[in-house]
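A quick write-up on the structure given underneath.
All values below come from the heavy atoms of this structure, side chains included, with hydrogens, waters and symmetry mates left out.
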Amino acid sequence: MASKINFSLFLLLFLAHYAFVNGDATLIKSTCKNTKYYNLCFSSLKSNPSSPNADTKGLAVIMVGIGMTNATSTSSYLSSKSLTPTNNTTLKRVLKECADKYSYASDSLQASVQDLANEEYDYAYIHITAAKDYPNVCHNAFKRVPDLVYPHELASRENGLKHICDVAMGIIDNLINF
């Protein structure tokens with residue numbers, strides 16, 4: 001009898017856990033379907049430990065947080081590159097300018113978190129759009145100097161941040177159209 005109860009309890013817990021996980025996957029899938037980069041959205045949200053407890057607004061905040069991490073890490077990367085010993089003062093200046101732009105992107109994303117908390121979705125969208133555009137300013141800084149080559153690593157980071165911002169904006173679209 002005790003083993004029957006233990007098995008029933010185990011089965012109940014297993015099914016409850018399975019249903020809970022499926023519910024989370026369902027919300028993430030339905031949210032991500034309306035974004036420009038479904039795979040990025042789904043893998044980012046599914047791997048975040050806060051996702052199981054998040055509603056759609058919470059999922060947007062998680063994606064913004066991922067963007068902030070990307071922007072901050074890129075700013076740090078560029079700052080460290082600008083401190084590397086070199087005689088090329090133009091390169092140092094451009095790297096510093098780029099580090100500042102990615103820092104501004106992170107600040108814009110931080111502002112969007114507050115906007116989301118206040119349910120000011122239009123303002124959140126504007127701040128995320130600004131964050132998405134700051135890497136363009138960096139890229140253009142390299143273009144202004146004919147002998148500077150835009151580093152592949154920076155191009156990858158730029159695309160990553162832009163895609164993350166696109167996903168966050170797609171999630172906000174879900175909130176606005178809800």
Side-chain angles (χ1 to χ4, degrees), residues 28 31-32 34-37 40-51 53-84 86 89-145 148-178:
I28 292 170
T31 300
C32 291
N34 296 320
T35 67
K36 195 172 178 180
Y37 300 101
L40 172 65
C41 178
F42 185 78
S43 65
S44 298
L45 294 175
K46 193 70 176 147
S47 66
N48 188 292
S50 300
S51 294
N53 301 319
D55 58 4
T56 304
K57 182 168 60 170
L59 296 177
V61 170
I62 291 167
M63 280 308 298
V64 168
I66 293 167
M68 287 169 53
T69 299
N70 175 292
T72 300
S73 109
T74 302
S75 179
S76 296
Y77 166 79
L78 291 165
S79 291
S80 72
K81 287 288 191 190
S82 71
L83 297 175
T84 304
T86 180
T89 56
T90 303
L91 175 61
K92 281 187 167 195
R93 180 184 48 78
V94 170
L95 289 171
K96 170 74 171 97
E97 180 180 347
C98 287
D100 290 345
K101 299 310 175 203
Y102 276 90
S103 179
Y104 299 153
S106 182
D107 292 346
S108 290
L109 290 169
Q110 179 61 51
S112 76
V113 171
Q114 186 61 46
D115 297 332
L116 288 166
N118 295 333
E119 296 185 357
E120 296 173 337
Y121 302 129
D122 291 342
Y123 289 114
Y125 203 92
I126 290 168
H127 281 117
I128 295 169
T129 301
K132 180 183 172 185
D133 198 42
Y134 278 117
N136 290 331
V137 178
C138 172
H139 197 145
N140 289 338
F142 273 88
K143 286 180 181 178
R144 285 193 304 266
V145 182
L148 284 184
V149 176
Y150 193 60
H152 177 72
E153 171 69 16
L154 191 50
S156 293
R157 289 171 180 256
E158 173 186 353
N159 285 332
L161 181 58
K162 287 179 176 182
H163 291 177
I164 292 165
C165 288
D166 280 334
V167 169
M169 290 187 295
I171 295 172
I172 291 172
D173 283 340
N174 289 336
L175 292 168
I176 293 170
N177 296 325
F178 202 19

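- Closest approach of Cys32 and Leu45 over heavy atoms only: SG-CD1, 3.8 Å.
- Glu158 and Lys132 are not joined by a salt bridge, as no carboxylate oxygen comes within less than 4.0 angstrom of a charged side-chain nitrogen.
- Ser79 places a side-chain N or O within donor-acceptor distance of the main-chain N or O of Ser75, the cut-off being under 3.5 Å.
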- In sequence, state the C-alpha distance, the side-chain angles, and the governing distance for Gln114 and Tyr123, and then conclude on side-chain hydrogen bond (donor to acceptor under 3.5 Å, both in side chains). CA-CA 10 Å; Gln114 186 61 46; Tyr123 289 114; over 6 Å; no
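- Put simply, the side chain of Met63 reaches to within 4.5 Å of the side chain of Ser44, judged on heavy atoms.
- At least one side-chain heavy atom of Phe142 sits under 4.5 Å from a side-chain heavy atom of Pro151.
- With sequence neighbours excluded, no residue satisfies salt bridge (Lys or Arg N to Asp or Glu O under 4.0 Å) with Lys81.
- Counted by atom type alone, Ser82 and Arg93 present zero donor-acceptor pairs between their side chains at under 3.5 Å.
- The NE2 atom of His127 sits 11.0 Å away from atom CG of Leu116, with the distance rounded to the nearest 0.5 Å.
- Heavy-atom minimum distance, Leu40 versus Ile164: CD2-N, 3.9 Å.
- Taking CD of Glu119 as the reference point, atom CG of Leu175 lies at 8.5 Å (rounded to 0.5 Å).
- Residues Leu59 and Ser51 are in side-chain contact: their nearest non-hydrogen atoms beyond the backbone lie under 4.5 Å apart.
- Distance check, rounded to the nearest 0.5 Å: CG of Leu154 to SG of Cys138 gives 4.5 Å.
- A donor-acceptor pair shorter than 3.5 Å cannot be found between the side chains of Glu153 and Tyr77.
- With rounding to the nearest 0.5 angstrom, the SG atom of Cys165 is 11.0 Å from the OH atom of Tyr37.
- Rounding to the nearest 0.5 angstrom, the gap separating the CG atom in Leu83 from the CG atom in Leu78 is 11.0 Å.
- Atoms CD1 and CG, on Ile126 and Asp122 in that order, are 6.5 Å from each other to the nearest 0.5 Å.
- At least one donor-acceptor pair under 3.5 Å links the side chain of Thr84 to the backbone N or O of Ser80.
- Within 6.0 Å of NZ in Lys57 there are more than 12 heavy atoms belonging to other residues, nucleotides or ligands.
- The two atoms that bring Ser43 and Ser47 nearest to each other are O-OG, 2.9 Å, heavy atoms only.
- There is no side-chain donor-acceptor pair under 3.5 Å between Asn136 and Lys101.
- At least one donor-acceptor pair under 3.5 Å links the side chain of Asp55 to the backbone N or O of Gly58.
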- Mind running side-chain hydrogen bond (donor to acceptor under 3.5 Å, both in side chains) on Asp115 and Asn118 for me, showing each step along the way? CA-CA 5 Å; Asp115 297 332; Asn118 295 333; 5.4 Å; no
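- Nearest heavy-atom pair, Ile171 versus Ala60, reported as atom, atom and distance to 0.1 Å: CG2-CB, 3.5 Å.
- Remark: the backbone N or O of Thr31 is paired with a side-chain donor or acceptor of Asn174 at under 3.5 angstrom.
- In summary, Asp100 and Lys96 engage in a salt bridge, as defined by a charged side-chain N under 4.0 Å from a carboxylate O.
- Minimum interatomic distance between Ile28 and Phe42 (heavy atoms only, all atoms of both residues): CG2-CD1, 3.4 Å.
- Contact annotation: the side chain of Asp166 never approaches that of Ile128 to less than 4.5 Å [non-hydrogen atoms, C-beta and beyond].
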What side-chain donor-acceptor pairs closer than 3.5 Å can you find for residues 102-109, not counting sequence neighbours?
unit_1	atom_1	unit_2	atom_2	d
Ser106	OG	Thr72	OG1	3.0
Ser108	OG	Tyr104	O	3.2

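- Side-chain contact between Leu91 and Leu95: present, with at least one pair of heavy atoms (C-beta onward) separated by less than 4.5 Å.
- Inter-residue side-chain proximity for Met68 and Val113 is flagged as met; some heavy-atom pair is nearer than 4.5 Å.
- Shortest non-hydrogen contact noted between Ile62 and Ala54 is CD1-CB, 4.1 Å.
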- Item | Val137/Glu97 under side chain to side chain contact (heavy atoms under 4.5 Å, CB included): CA gap, chis, key distance, verdict | CA-CA 9 Å; Val137 178; Glu97 180 180 347; 4.2 Å; yes
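- In this structure, Tyr150 and His139 have parallel ring planes: the angle between them is below the 30° cut-off, well short of the 60° mark.
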